[in-house]
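All values reported here derive from a predicted model rather than from experimental measurement. By convention here, the first residue in the shown sequence is residue 1.
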Amino acid sequence: MERKKTAGRRKIPLEKIEKDVDRYSTFSKRCSGLYKEGSELVRENDVDLGIVLTSPTNKTYAFVHPTSNAVIDRFMNLKTDYGDQIIAENSRNKVNQLNDRLNELDEREEIAKEKLLALNEMNKTREKNRWEFIDQLNANEIIKFQAWLDVGEFLLKDQLPEASSSSQSPPEDANI
């Protein structure tokens with residue numbers, strides 16, 4: 001009997017990934033997903049949780065909440081003392097705080113990405129409009145624009161020797 005896992009709209013067989021690079025990459029992604037799901041399970045259901053994984057390169061990874069002793073004791077049905085319960089509660093609180101902080105930072109990152117995209121679009125539009133504006137100038141306006149550029153070039157050349165000989169800051173009335 002062949003088990004299949006659904007990925008989107010197609011079924012893919014569950015079998016060993018033969019390429020080492022692909023297998024390591026998949027392990028890393030799935031491990032991150034397990035940690036994320038584990039932390040959500042801990043946060044939402046207030047449970048003790050232990051996950052131990054061995055990678056394809058024989059490295060051991062573990063996700064334990066609140067402590068390995070508390071998880072092992074729970075697994076072995078041993079009663080924990082009050083000290084372990086206090087540690088467990090403090091660990092849960094810390095995980096909840098860190099998860100809240102992570103969610104807040106994820107939201108901030110998403111907002112920053114959206115702002116960056118909006119600014120990039122604005123810059124593209126501004127650049128496009130600037131060149132469209134120049135393309136629409138008539139002969140008289142082009143002559144005026146060229147004169148304005150020539151005056152700017154003359155003023156810059158005039159101020160360049162002064163600026164290079166002086167290490168002082170520009171005068172207060174300079175338009176920068």
Side-chain angles (χ1 to χ4, degrees), residues 1-137 149 156 176:
M1 178 170 126
E2 185 176 308
R3 291 180 41 187
K4 295 188 179 219
K5 181 178 180 183
T6 303
R9 294 179 183 208
R10 61 188 175 113
K11 291 185 178 183
I12 57 172
L14 288 178
E15 56 189 31
K16 181 178 178 181
I17 299 171
E18 295 302 323
K19 289 186 179 178
D20 288 345
V21 174
D22 293 342
R23 188 169 51 250
Y24 300 153
S25 174
T26 300
F27 173 81
S28 178
K29 290 175 186 175
R30 297 255 174 111
C31 187
S32 296
L34 275 175
Y35 284 178
K36 183 177 178 182
E37 290 294 323
S39 64
E40 287 177 13
L41 189 63
V42 166
R43 185 183 64 239
E44 293 172 0
N45 298 301
D46 197 26
V47 297
D48 295 344
L49 178 68
I51 301 173
V52 179
L53 303 168
T54 303
S55 75
T57 58
N58 290 326
K59 291 183 182 177
T60 303
Y61 297 87
F63 176 88
V64 181
H65 179 79
T67 64
S68 57
N69 286 339
V71 171
I72 292 169
D73 287 347
R74 185 69 63 101
F75 181 74
M76 300 296 289
N77 289 327
L78 299 175
K79 295 196 177 217
T80 57
D81 65 4
Y82 292 112
D84 284 345
Q85 289 177 355
I86 292 171
I87 291 170
E89 186 62 32
N90 286 337
S91 294
R92 281 188 190 92
N93 290 338
K94 187 67 173 175
V95 167
N96 288 338
Q97 290 171 357
L98 291 173
N99 277 326
D100 290 344
R101 181 71 175 142
L102 180 62
N103 290 337
E104 177 186 336
L105 291 174
D106 285 344
E107 288 175 20
R108 284 185 181 183
E109 179 185 28
E110 195 61 38
I111 290 169
K113 284 180 182 178
E114 290 172 5
K115 285 183 180 179
L116 182 62
L117 286 173
L119 288 174
N120 285 339
E121 286 300 316
M122 286 173 49
N123 283 338
K124 286 178 187 176
T125 303
R126 184 180 307 138
E127 211 43 50
K128 181 182 173 187
N129 289 341
R130 181 179 303 146
W131 291 112
E132 285 178 358
F133 172 74
I134 290 172
D135 288 345
Q136 295 174 1
L137 295 177
L149 289 174
L156 285 173
I176 297 179

Quiz item: Any idea which heavy atoms bring Asn99 and Ser39 closest together, and the distance?
Solution: ND2-O, 3.8 Å
Self-check item: Rounded distance [0.5 Å steps], CG in Leu105 versus CG in Leu98
Solution: 10.5 Å
Exercise. Can you measure from CZ (Arg23) to OG1 (Thr57) and round to the nearest 0.5 angstrom?
Key: 10.0 Å
Quiz item: At their closest point, which heavy atom of Cys31 faces which heavy atom of Leu53, and how far apart are they?
Solution: SG-CD1, 3.6 Å
Exercise. Can you measure from CD1 (Ile111) to CD (Glu107) and round to the nearest 0.5 angstrom?
Key: 6.5 Å
Quiz prompt | Taking every non-hydrogen atom, the tightest pair across Pro66 and Asp48 | solution = CD-OD1, 3.1 Å
Quiz item: Just how far is it from atom OH of Tyr61 to atom OG of Ser32, taken to the nearest 0.5 Å?
Solution: 9.5 Å
Practice problem: Could you pull out the closest heavy-atom pair between Phe27 and Ser55, with the gap in Å? | Solution: CE2-CB, 3.4 Å
Quiz item: When rounded to the nearest 0.5 angstrom, what is the spacing between CD in Glu37 and CD in Glu44?
Solution: 8.5 Å
Practice problem: Mind listing the closest non-hydrogen atom pair of Leu34 and Ile51 along with its distance? | Solution: O-CD1, 4.1 Å
Practice problem: Compare every heavy atom of Tyr24 with every heavy atom of Pro56, then report the nearest pair and how far apart it is. | Solution: CB-CE2, 3.3 Å
Practice problem: Could you tell me whether the side chain of Arg101 reaches within less than 4.5 Å of the side chain of Gln97, counting heavy atoms only? | Solution: no
Quiz item: Just wondering, do Arg92 and Val47 contact through their side chains at under 4.5 Å, heavy atoms?
Solution: no
Quiz item: How far does CG of Asp106 sit from CD of Glu110, to the nearest 0.5 angstrom?
Solution: 8.5 Å
